[in-house]
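Okay, structure first, notes after.
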Amino acid sequence: MVLANVKLGKDEKDTIARAKKYAMEQTIKMVLMKQTIAHQQLQARSLQRHQALVLMCRVYIGSIAFDLKEDTIRNAFAPFGPIKAINMSWDPVTQKHKGFAFVEYELPEAAQLALEQMNGAVMAGRNIKVGRPSNMPQAQSIIDEINEESKSLNRIYIASVHPDLTEDDIKGVFEAFGKIISSRLAPAPGSGNKHKGFGFIEYETTQAAHDAIASMNLFDLGGQYLRVGRAIVPPTGGAIAPPSGQALPTAVALAAAAATASVQAAEAVKSVVAPPVQAVAPVVITPTIPTVPIVATTGYAVPPPGIAVPTVAGLSPGVVIPRVGVPASTVATPISGSYAQPAVGAAIPPPAVVTPLSVGSTTIVQPVQPPTPAPLVDDRKRKLQEELEALHQAELKKKLVLDSEAVTLEQQENLSVRGTTARHLVMQRLMRQQPESFVVVLRNMVGPEDVDEYLQEEITEECSKYGNVQNVIIYQERQSEEEDAEVIVKIFVEFAAPTQAQMAKNALNGRFFGGRTVKADIYDQDLYDQNELSG
């Protein structure tokens, strides 16, 4: 095989240099864009995880006696961990709270322990209800992921530790269940060796962690009952702090993108293998700028800017590998002129298929553009037909309204059908869609024993998160005429808009409330307007 050096002029060398520079700029721009997208996705993921952990730190407390104050709630829930805030809704008229509150802990482990151990506890003669806030389903997928990850942790959370106990005392008690990797109590700021009363212990095995939880939860140590549960966040994620939200520094991003582009270019050059010198085969080129017909004699023509120039190890740029059957003295014809670089954001044409045509000893490479798609069919006739159909349907709806008069059940039973037009109208009436409903019905939210004079206010307060609540009806439905028949409580919530009702239905359906799983459905608007609540 004979290789011939290609002698290029100054213009051709400048063109190749500009092509390489343009290709590198485009590669850096693409790498930079990918880095930015990946960084933004990581930031969004961190923010979602933070929001989920914040939600997991909150618990809802219902059915609170009205003579209880915030200090009583704090003292009852403080043994599970540090409390960040307590929110009680107060009635400005009666100067009393509305019977429910929200407690926000600093740690999700504390909220989980409070949820497990305080639901159904008796306070001031009433069984309180402890559950998750109603906005939990919005982040339920991430919360489930966090809970699944916590199962692989060998860490446990301990709270209500006596202030006189030290880390060594706690480690000496808990190492009986297995080898301890780390044991740490949260230090109290500015108090020397004092701690906050809670901490974490990490075991070597999962079984040791499970045994410690089962044996030491509610264990009397130093006159205080320990609260022990599984850890939810790993050691590096113990602090519930929002992500910084800082964008990737420009200098760092550019340097990283340039380094990545250089590595990719080097790998591309290494992976290029010289084509076999056996037969002439069509070459498929994907240009990034408008193609220009190129005339060359054997070998590879100089590509336009934006197309990588493959090189073979040991050969300098400009060396051409001749095809079989062509004299070795034949060299590539230089291309005069220069190629204009496309503007940023310009439309990129579709890839062209290059087919070589042999004319004597000269090979002409001509780009073959893909066929132009056929023009779209004029849809003006179709739009006109749709408008006529809409006018026809509007006339039918006017007839179906029957001058806006309400049709009673008796009138519908005695309805007489005369003629083809009347039958058509009746079929249209039967086939028409039901009106959008403003009403949500909640089932299995409370039992008959939970219905009191404050329940309606609690439901109104809770459902106001999803829209403007117009009315709340608590309906107790007896399943039979017998004295001991089962009574089902249905709660009808009427909103100002159907979209608000749908939002409330999506959020409340399947929610865990006071040991019950709420079933929320959209209620038929016609039945509700006729005060038919047994549907």
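Just so we're clear, the structure is a prediction, and the values are computed from it rather than from any experiment.
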With a 4.5 Å heavy-atom cut-off, do [X] and [Y] have their side chains touching?
X: Phe492; Y: Leu533; answer: yes
X: Tyr475; Y: Val489; answer: no
X: Tyr60; Y: Arg132; answer: no
X: Asn471; Y: Ile473; answer: yes

Salt-bridge test for [X] and [Y]: reply yes if a basic N is under 4.0 Å from a carboxylate O, no otherwise.
X: Glu458; Y: Lys98; value: no
X: Arg230; Y: Glu149; value: no
X: Glu167; Y: Lys171; value: no

Check the side chains of [Y] and [X] for a donor-acceptor pair under 3.5 angstrom, ignoring hydrogens and angles.
X: Asp526; Y: Gln530; answer: no
X: Thr166; Y: Asp169; answer: yes
X: Gln525; Y: Asp529; answer: yes

### Task
Please say whether the positively charged group of Arg184, taken as NZ for Lys or CZ for Arg, lies over the ring of Phe200, i.e. under 6.0 angstrom from the six-membered ring centre and within 45 degrees of the axis.
no
Pair up each side-chain donor or acceptor in residues 441-448 with any protein partner under 3.5 Å, not counting sequence neighbours, and list the distances.
from: Arg443; atom 1: NH1; to: Asp521; atom 2: OD2; distance (Å): 3.2
from: Arg443; atom 1: NH2; to: Gly535; atom 2: O; distance (Å): 3.4
from: Asn444; atom 1: OD1; to: Arg516; atom 2: NH1; distance (Å): 3.0
from: Asn444; atom 1: ND2; to: Thr517; atom 2: O; distance (Å): 3.0

### Task
May I ask you to check whether Tyr454 and Phe100 place their ring centres under 6.0 Å from each other?
no
